[in-house]
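Since the structure comes first, as structure tokens, the remarks are kept for the end.
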Amino acid sequence: MLDLEQSLYVNCLANGVAIPELDEYKRKREDREAREKRTDSGRSNLLERTNQLGLPASKPYVNPNKIGRNDPCPCGSGKKYKKCCLG
């Protein structure tokens with residue numbers, strides 16, 4: 001129902017139509033935007049403090065077993081990784 005009210009509110013503003021419920025729709029929209037802003041700011045603070053693995057953001061995760069392009073392929077073919085599984 002809120003989406004319909006929001007759509008009606010925006011259309012009334014765009015077309016210059018005044019209806020009695022316009023002030024109520026405006027208040028509901030402002031309340032919802034304020035709630036979303038509070039929720040979004042809490043999420044962004046959490047993301048600033050940690051990365052995807054839950055480690056502190058100042059220490060990025062580095063995979064110790066990273067395979068380089070010129071290393072032998074782990075599949076056992078004997079070819080370089082860039083010629084076998086990467087390419």
Side-chain angles (χ1 to χ4, degrees):
M1 187 69 176
L2 275 176
D3 292 334
L4 293 174
E5 290 175 353
Q6 179 180 351
S7 179
L8 180 61
Y9 172 73
V10 171
N11 283 315
C12 287
L13 289 180
N15 296 316
V17 177
I19 59 173
E21 296 88 3
L22 201 59
D23 291 332
E24 179 184 345
Y25 295 161
K26 180 179 180 182
R27 183 186 51 77
K28 286 181 181 180
R29 179 183 170 128
E30 289 171 350
D31 290 345
R32 192 175 85 238
E33 287 176 353
R35 267 191 318 240
E36 288 174 357
K37 188 174 182 179
R38 284 192 304 266
T39 304
D40 289 342
S41 67
R43 288 181 187 152
S44 65
N45 288 340
L46 178 63
L47 291 176
E48 289 172 2
R49 291 188 303 247
T50 61
N51 62 16
Q52 291 178 343
L53 299 174
L55 301 172
S58 61
K59 298 179 183 177
Y61 175 77
V62 178
N63 186 356
N65 300 326
K66 184 176 178 183
I67 302 168
R69 291 176 35 125
N70 291 317
D71 292 339
C73 191
C75 74
S77 66
K79 296 180 182 178
K80 289 184 180 182
Y81 182 65
K82 67 180 177 182
K83 295 279 187 174
C84 185
C85 292
L86 184 62

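All figures in this text were calculated on a predicted structure; none of them were measured in a lab.
The two residues Y81 and P74 come nearest to each other via the heavy atoms CD1-CD, 3.9 Å. Of all heavy-atom pairs spanning L22 and V17, the tightest one is CD2-O, 4.0 Å. The nearest pair of heavy atoms linking K80 to R69 is CB-O, 4.1 Å.
Ion pair R27/D31 flagged as a salt bridge, since at least one NZ, NE, NH1 or NH2 atom sits closer than 4.0 Å to an Asp/Glu carboxylate oxygen.
Considering K26, R32, K28 as possible partners of E30, the one that fulfils the side-chain contact (heavy atoms from CB on, under 4.5 Å) test is K26.
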Would R29 and V10 count as a side chain to side chain contact (heavy atoms under 4.5 Å, CB included) if you check the C-alpha gap in whole Å, the side-chain angles of each, and the deciding distance to 0.1 Å? CA-CA 10 Å; R29 179 183 170 128; V10 171; 3.0 Å; yes
